[in-house]
Colleague: 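This structure is in structure tokens; I'll ask about it shortly.
Quick caveat: nothing in here was measured; it's all calculated off a predicted structure. A, B, ... follow the sequence lines: proteins, then strands. Residue 1 opens every chain. Computed over heavy atoms, backbone and side chain alike; hydrogens, waters and symmetry mates excluded.
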There are 2 protein chains.
Amino acid sequence: MTLSEEDYIKAIYHLGKGENLTVSTNAVAEQMDTKPSSVTDMVKKLSDKGVVNYKPYKGVSLTGYGQKIALSLVRKHRLWEVFLVEKLDFSWDEVHEVAEQLEHIKSEKLIDQLDKHLGYPQVDPHGDPIPSKKGEFKKTIKKSLNEVPMGTSGICVGVKDSSPPFLKFLDKNKIALGDTILVLEKEEFDGSLYIRIKESKIHISNQIASNLYLKITA
Amino acid sequence: MTLSEEDYIKAIYHLGKGENLTVSTNAVAEQMDTKPSSVTDMVKKLSDKGVVNYKPYKGVSLTGYGQKIALSLVRKHRLWEVFLVEKLDFSWDEVHEVAEQLEHIKSEKLIDQLDKHLGYPQVDPHGDPIPSKKGEFKKTIKKSLNEVPMGTSGICVGVKDSSPPFLKFLDKNKIALGDTILVLEKEEFDGSLYIRIKESKIHISNQIASNLYLKITA
DNA sequence: ACTAATATTTAGTTTTGTCTAAATATTAGT
DNA sequence: ACTAATATTTAGACAAAACTAAATATTAGT
Ligand SMILES: [Mn+2]
Ligand SMILES: [Mn+2]
Ligand SMILES: [Mn+2]
Ligand SMILES: [Mn+2]
């Protein structure tokens, strides 16, 4: 697969929410920041290669073969993200762009050894699970912080919005993956939340809360 | 620069033996495993971009700008090779192909942090020097083990005699290409040498020493 | 069911990097 | 200096991946 083909496969995978939904040409175009006509061209080629199922005007989905490729790419992307954060001191809002390039490096040994070097991590710096070599991975049950009952305590495992501004906000407020968060109280007026994180009590807007995923432990 | 352009720049750099010699179209074609006509096309484009000096029928050389790019690529290539050997347990004959891909990843922070992670290495696994961020690097020379001053350390990069008996001897004594060798002391009587190789001190005859090449950073 | 809005595909170009075959320049041998 | 061999460039073509503009299909509103 070429770099371009691989990026399309990943886009179709992500738009299919891991359930291999059929996705529209326009959705892929938006995700890839390209034109719908370019998507049509590429999707025809991927169909010829047996990577996707494509019915004109009806959308596109991955074949079994296509899913395997997608999972392998996701694995590589997330392992590289872990490497960048754990070994090269990148912050979690800097890794995506570089991993987007590194995921295309062709070497099976490279990724096996990287996995080992990192101690076989289960999740990437954004809390997303890393598929095994065989393409299996644990579904993490995530809920956004604003939809759990008061008194719930859990571990921050991910974000919905991973834009640099949001990630920077989290850094500034010392909210990081792996932190234990306790939801204390909801402000009736604006739906904002009081939470306890690492011994300190902070106040976050409902919008912030809705973008933070919690893995509930109790 | 595109991946293709970068590979051409590196080829011209290497053919120029680091002295920026003017090289022929055919030489570049051979190095790149492509056709001379393709080289002509690319060289014209690189000339337009100010990367090379090109006179039709007279050959091509790098401009100052082109040399900077070449050194940056060589730096990246060699740092990745060190990473693969030191951190991911690749052997020295497996790294080139992968480094050939990794050298094209675009991220200044990535390479700075990688350099730091590796402890600012001076040479790659093949004994070749790693240019600094500014493009400076030490020259290396290849000498047979019996003609270097005592106390010299270098990387074993080749053999003069490659007959099975000699190679078997090397195997038996755990001397392999890529090993770092330190010359400790010469025995006056027979010119034999005491050397240190991977934590162990061994004794080799002058004849053995004369058949081993060392790459030394000067 | 008809029409308008939207989504998608088709047709025709462009850029990049490659190739083959033909033309031309350089070099070497006599 | 002439000729033959070799090196290099030019011309024309192609595949990949993108784009714009036009055509067509789908969908939603009345
Ligand atoms: Mn990518
Ligand atoms: Mn991630
Ligand atoms: Mn390369
Ligand atoms: Mn090397």
Colleague: Stems involving DNA chain D: give each as a range paired with a range, ordered by first number, where a stem means at least three consecutive Watson-Crick or G-U wobble pairs under 3.5 Å.
Modeller: C:1-30 with D:1-30
Colleague: Within the pair B:K44 and D:dT10, is there a side-chain N or O less than 4.0 Å away from OP1 or OP2?
Modeller: yes
Colleague: Whole-Å distance between C:dT18 C1' and B:M32 CE?
Modeller: 11 Å
Colleague: OP1 or OP2 of C:dT18 less than 4.0 angstrom from a side-chain nitrogen or oxygen of B:Y8, does that happen here?
Modeller: yes
Colleague: Any non-hydrogen side-chain atom of B:R75 less than 4.5 Å from a side-chain atom of B:D115?
Modeller: yes
Colleague: If you assign A:P56 and A:S38 each to the DNA chain D nucleotide with the nearest heavy atom, which residue ends up on the more 5' nucleotide?
Modeller: A:S38
Colleague: In this structure, how many angstroms lie between the C1' atom of D:dA15 and the CD atom of A:E5, rounded?
Modeller: 12 Å
Colleague: If I take atom NZ in residue A:K55 and atom C1' in nucleotide D:dT26, what distance separates them, rounded to the nearest angstrom?
Modeller: 17 Å
Colleague: Using side-chain heavy atoms (C-beta onward) and a distance below 4.5 Å, is B:I155 in contact with B:T140?
Modeller: no
Colleague: Are A:E100 and A:H96 linked by a side-chain donor-acceptor pair shorter than 3.5 Å?
Modeller: yes
Colleague: Consider the side chain of A:Y57, meaning its heavy atoms from C-beta on, and name the nucleotide among D:dA18, D:dT24, C:dT10 that approaches it most closely.
Modeller: D:dT24
Colleague: For A:L3 and D:dA15, give me the distance from atom CG to atom P, rounded to whole Å.
Modeller: 22 Å
Colleague: Just how far, in rounded Å, is C1' of D:dA16 from NZ of A:K49?
Modeller: 10 Å
Colleague: Is the shortest side-chain N/O distance from A:T25 to OP1 or OP2 of C:dT9 below 4.0 Å?
Modeller: yes
Colleague: We want to know whether B:H126 and B:E81 form a side-chain donor-acceptor pair, criterion being a heavy-atom distance below 3.5 angstrom.
Modeller: yes
Colleague: Between atom NZ in A:K58 and atom P in C:dT9, what is the gap in whole Å?
Modeller: 11 Å
Colleague: If you assign A:D41 and B:N26 each to the DNA chain D nucleotide with the nearest heavy atom, which residue ends up on the more 5' nucleotide?
Modeller: B:N26
Colleague: For residues B:N26 and B:S24, is any side-chain donor paired with an opposing acceptor at under 3.5 Å?
Modeller: no
Colleague: Where does the angle between the aromatic ring planes of B:H117 and A:F83 fall among parallel (under 30°), tilted (30 to 60°) and perpendicular (over 60°)?
Modeller: perpendicular
Colleague: Do you see a donor-acceptor pair shorter than 3.5 Å between the side chains of A:H77 and A:D124?
Modeller: no
Colleague: Starting at atom CD of A:E30, determine the distance to atom P of C:dT6, rounded to an integer number of angstrom.
Modeller: 15 Å
Colleague: Using a 4.0 Å heavy-atom cut-off across all strands, classify B:S37 as base, sugar-phosphate, or nothing.
Modeller: base
Colleague: Round to the nearest Å and state the distance from B:M42 atom CE to C:dT16 atom P.
Modeller: 10 Å
Colleague: Under 4.0 Å between a side-chain N/O of B:K35 and OP1 or OP2 of C:dT18, yes or no?
Modeller: no
Colleague: Using the side-chain heavy atoms of A:T34, tell me which of these nucleotides is nearest: C:dT18, D:dT10, D:dA18.
Modeller: D:dA18
